A.B. asks: 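Supplied in structure tokens, the structure appears directly below.
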Amino acid sequence: MTRTPSGGDVNADIHERLRSEVAKGADLLWETALELHAHPEPAFSEHRAAALLTDALERAGFEVERGTAGIPTAFTAQSGHSRPAVALLLEYDALPGLGHACGHNLIAAAGLGAALALDTVLDASAGRVMAVGTPAEEGGGGKVLEVEAGVFDDVDAALMFHPGVYDWARAPLTAQVQYRVAFHGRAAHPTGNPTEGVDALLALVELFNVLTALGRRLPAASHIQGIVTDGGKATNIVPEYAEGLFGLRAATTEELEDLTGRLRAAAEGVAHATGTRAEVERATLRYEHFRDSGPLSETFAEHLSGAGIGLTPPAPGVYLGSSDIGNVSARVPAIHPFVAIMDDGSDHTPDFAAAAASPRARDVLVAVTGALACTAADLLLDADLREEAWRLHRQTGR
Ligand SMILES: [Zn+2]
Ligand SMILES: [Zn+2]
């Protein structure tokens with residue numbers, strides 16, 4: 001919120017009009033959230049959701065591009081020109097078998113509502129408002145591809161919220177990537193000519209042992225979780241090939257790179273010791289850790305507290321997984337606050353899916369949409385806030 005020297009809110013009138021615009025459209029927003037909830041679509045299959053959202057934006061006069069970054073279910077919608085520019089991020093993928101158990105239906109509706117309110121209230125001279133449809137957060141990393149395609153190159157900030165079980169001003173999200181490790185040995189009959197065999201599965205098992213030893217010395221939040229994806233074909237053949245998939249997480253992208261180096265070194269070491277050959281390859285896009293923009297998340301928290309929801313810093317030492325918002329936050333100042341739609345339990349559960357269509361979710365949706373719109377307006381109208389956000393963003397660096 002932009003303050004006058006006497007402590008007043010210089011954009012008070014704009015904020016008031018944005019909130020009243022959101023209140024006017026609340027029924028329609030809630031319908032959109034419920035419509036998405038009733039037709040959950042998993043990563044990269046969000047055709048119905050993308051059509052629903054782009055149609056609403058196009059009807060309001062936004063200039064819509066579909067198929068952004070080569071992803072059929074991604075889009076951008078713009079109103080206004082050049083800079084300053086603010087991007088509202090809309091997630092809308094669901095979880096296979098669980099529906100909207102991560103509440104992305106609310107993220108999409110909030111981003112849509114904020115974009116529409118800003119378009120109605122702000123002069124075109126205020127800058128550019130962009131709604132970015134970001135598919136496949138739950139695996140696939142639509143935002144990673146969009147960052148690489150330059151979608152955020154001319155943007156001053158990226159804003160979104162995520163429903164949760166906490167009211168946290170910023171998101172503790174780790175960096176994450178998966179690697180496939182394969183060992184090549186030599187097949188043989190285990191009793192007929194055992195000395196001829198080179199057991200690739202035993203090499204893979206040895207890698208698990210080495211990683212367990214390594215795990216004791218890793219920094220907080222660094223973690224490797226592995227599964228066996230190919231352990232041989234029959235018990236009367238020494239496995240000539242074995243393969244595992246390893247999920248790596250770390251508090252920062254730099255620490256994740258370090259962890260990746262350790263996995264490679266461990267695989268090579270095991271291969272050397274067992275007479276096998278190791279192949280290590282990246283199996284997914286890399287999600288970077290999330291860098292919160294303090295000035296923007298504080299602005300958002302202030303606006304949301306005006307609607308009766310108070311946000312606190314996250315509990316120390318707790319990490320809530322990883323997200324492709326991390327890659328956006330490495331590119332431009334970004335926010336990803338959590339706002340509770342239930343008080344305990346966890347997302348990715350049937351209970352959370354039910355909460356994402358509950359009366360409480362409706363209240364949260366309206367409050368958050370207003371706070372997102374007001375934060376976006378502050379960013380566009382207040383050059384000092386923008387400069388401060390960029391200054392800190394450059395300081396934290398890559
Ligand atoms: Zn999720
Ligand atoms: Zn999510």
Side-chain angles (χ1 to χ4, degrees), residues 32-33 36-37 39-46 49-50 53 71 73-74 87-112 131-147 158-178 225 247 249 284-290 292 297 300 311 314 318-329 334-342 344-358 360-361 364-365 368-369 372:
T32 304
L36 294 170
H37 194 271
H39 302 279
E41 299 164 307
F44 293 128
S45 310
E46 315 95 328
L53 297 163
I71 312 167
T73 55
L88 293 144
L89 306 192
L90 283 60
E91 294 180 1
Y92 34 80
D93 58 324
L95 289 156
L98 279 178
H100 271 290
C102 208
H104 294 183
N105 61 315
L106 302 172
I107 300 175
L112 172 69
V132 183
T134 68
E137 189 277 333
E138 302 284 2
K143 295 185 199 70
V144 181
L145 302 170
E146 289 176 331
V147 169
L159 312 181
M160 63 176 288
F161 99 105
H162 200 297
V165 294
Y166 306 104
D167 287 315
W168 283 354
R170 61 176 194 275
L173 299 170
T174 61
Q176 188 238 325
V177 70
Q178 292 183 46
Q225 180 75 51
R249 285 180 197 271
T284 59
L285 294 174
R286 187 185 69 179
Y287 281 16
E288 300 197 21
H289 76 275
F290 176 63
D292 181 67
S297 61
F300 175 85
L311 301 181
V318 177
Y319 292 94
L320 296 179
S322 312
S323 170
D324 53 6
I325 184 67
N327 299 55
V328 178
S329 76
I335 65 167
H336 184 290
F338 281 98
V339 182
I341 56 167
M342 61 185 208
D344 40 38
S346 159
D347 57 1
H348 292 206
T349 60
D351 282 352
F352 200 88
S358 67
R360 178 167 174 183
V364 165
L365 174 63
V368 159
T369 304
L372 281 174

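Values below: all heavy atoms of this structure, side chains included; hydrogens, waters and symmetry mates excluded. Numbers for residues simply follow the sequence, beginning at 1. Every number for a ligand or one of its atoms is a count from 1 in the order of the listing. Everything quoted here is computed from the prediction, not taken from an experiment.
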A.B. asks: Looking only at side-chain N and O atoms, does Gln178 offer a donor or acceptor that is under 3.5 Å from a partner on Thr284?
C.D. replies: no
A.B. asks: According to side-chain contact (heavy atoms from CB on, under 4.5 Å), who are the partners of Leu320, at least two apart in sequence or on a separate chain?
C.D. replies: Tyr166, Trp168, Pro172, Leu173, Val318, Phe338
A.B. asks: Just jot down the salt bridge (Lys or Arg N to Asp or Glu O under 4.0 Å) partners of Glu91, sequence neighbours excluded, or say none.
C.D. replies: Lys143
A.B. asks: Pick one: which of Asp347, Thr349, Asp93 meets side-chain contact (heavy atoms from CB on, under 4.5 Å) with Cys102?
C.D. replies: Asp347
A.B. asks: Tally every protein N/O/S atom whose distance to the Zn ion (ligand 2) is less than 2.8 Å; waters are neither shown nor counted.
C.D. replies: 3
A.B. asks: Indicate the atoms forming the closest heavy-atom contact of Glu146 with Gly133, along with that distance.
C.D. replies: OE2-O, 2.8 Å
A.B. asks: Tell me, please, which residues at least two apart from His104 pass ring-ring contact (aromatic ring centres under 6.0 Å, His included).
C.D. replies: His162
